[in-house]
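Here the structure comes first, spelled out in structure tokens, and everything after it is commentary.
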Amino acid sequence: MIIWYLPFHKNSVTLSCEIINNKCMKPTHIEHIGIAVNRLEESIPYYEQLLGTPCYSVEEVKEQRVKTAFFLVGQTKIELLESTDPEGPVGKFLEKKGEGVHHLAFAVENAGDALKDAEANGLALIDKVSRKGAEGMNIGFLHPKSTHGVLIEFCSK
Ligand code: CMX
């Protein structure tokens, strides 16, 4: 156990230090947590009850082939994602894994600069440059294959 843990820990520290020095990728907070759901109609009332706050916006993002619903919890949002196309990113996710946490979105100063830094740090990008997402935010995704299996999004206003 100790033999396995020590080398792993040492490597983790080295990687964290490189990334912490990278200002553009440094998040200010978690902007939102994306959750894939089968039907907004069913999930919205559940989350309204769970969070004790109303859904404040429902928006279709055609380019991403999703319909989104937002809730505010402190300065972090919960984004429910319903697929509008079984071949879209959320449609494929739901087919393979079912409902659940789909992605984690970090607020950064500039999503485009954060993507450039991520690439310079050897992380695989889905988006080379930022684009417009829900709520008019500038967004860009890192590939889950290079982020320990978690789909990561950078967001900026
Ligand atoms: N989290 C973690 N892993 C994921 C994932 C997710 N959300 N979505 C897909 N994967 C994994 C799959 O499990 C699969 O892994 P294995 O090869 O080990 O089976 C691998 O990625 C490939 O998955 P796929 O189903 O074949 O799908 P694609 O390669 O066609 O696409 C991805 C995967 C991540 C590139 C695509 O979903 C994407 O571009 N996502 C970014 C855009 C997005 O998710 N938009 C919806 C939200 C928009 C919004 O918030 O407004």
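Only a predicted model underlies this, so the values are computations on that prediction, with no experimental measurement involved. Order of listing sets the numbers, starting from 1, for every ligand and every atom in it.
The existence of a salt bridge linking Lys92 and Glu95 is excluded, since no basic side-chain nitrogen approaches an acidic carboxylate oxygen closer than 4.0 Å. Note on Lys128 versus Glu119: salt bridge recorded, some NZ/NE/NH1/NH2 to OD/OE distance being below 4.0 Å.
Counting heavy atoms from C-beta on, the side chains of Phe154 and Ile139 never come closer than 4.5 Å. No side-chain heavy atom of Lys97 sits under 4.5 Å from any side-chain heavy atom of His102. Here the side chains of Thr84 and Val66 are not in contact, with every heavy-atom distance at 4.5 Å or above.
Neither side chain, Lys157 nor Asn138, offers a donor N or O lying under 3.5 Å from an acceptor on the other. Looking at Glu153 and His32, their side chains do bring a donor and an acceptor atom within 3.5 Å of each other.
The closest non-hydrogen atom to atom 25 (O) of ligand 1, taken over Arg65, Met137, Lys96, comes from Lys96. The nearest non-hydrogen atom to atom 30 (O) of ligand 1, considering only Glu59, Glu87, Glu95, Lys92, comes from Lys92. The residue from His32, Glu63, Glu79 that puts a heavy atom closest to atom 50 (O) of ligand 1 is Glu79.
At the top of the distance list for atom 5 (C) of ligand 1, counting protein heavy atoms only, stands Phe93 CD1, 3.9 Å. At the top of the distance list for atom 36 (C) of ligand 1, counting protein heavy atoms only, stands Pro89 CB, 4.0 Å. Nearest non-hydrogen protein atom to atom 32 (C) of ligand 1 is Ile126 CD1, 4.2 Å. Looking only at heavy atoms of the protein, atom 4 (C) of ligand 1 is closest to Pro144 CG, 3.7 Å. Of the protein's heavy atoms, Gln64 OE1, 3.5 Å lies nearest to atom 46 (C) of ligand 1.
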Do Glu41 and Arg39 pass the salt bridge (charged side-chain N to carboxylate O under 4.0 Å, His left out) test, and can you show the C-alpha distance, the side-chain angles, and the key distance before you say yes or no? CA-CA 5 Å; Glu41 203 177 283; Arg39 286 160 57 83; 3.0 Å; yes

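The environment of Lys67 atom NZ is sparse: at most 12 non-hydrogen atoms of other residues, nucleotides or ligands sit within 6.0 angstrom. Heavy atoms from other residues, nucleotides or ligands lying under 6.0 Å from CD of Glu135 number more than 12.
Less than 4.0 angstrom separates atom 34 (C) of ligand 1 from at least one non-hydrogen atom of the protein. Remark: atom 7 (N) of ligand 1 lies closer than 4.0 Å to at least one protein heavy atom. Within a 4.0 Å radius of atom 39 (O) of ligand 1, the protein contributes at least one heavy atom.
Using a non-hydrogen distance threshold of 4.0 Å, Gly149 registers as a contact of ligand 1. Ligand 1 is approached by Lys145 to a heavy-atom distance shorter than 4.0 Å.
Interface of His143 with ligand 1, defined as ligand atoms under 4.0 Å from a residue heavy atom, comprises 35 (C).
For His102, heavy-atom contacts with ligand 1 shorter than 4.0 Å involve the backbone as well as the side chain. If you look at Val90 next to ligand 1, the close heavy atoms, those under 4.0 Å, all belong to the side chain.
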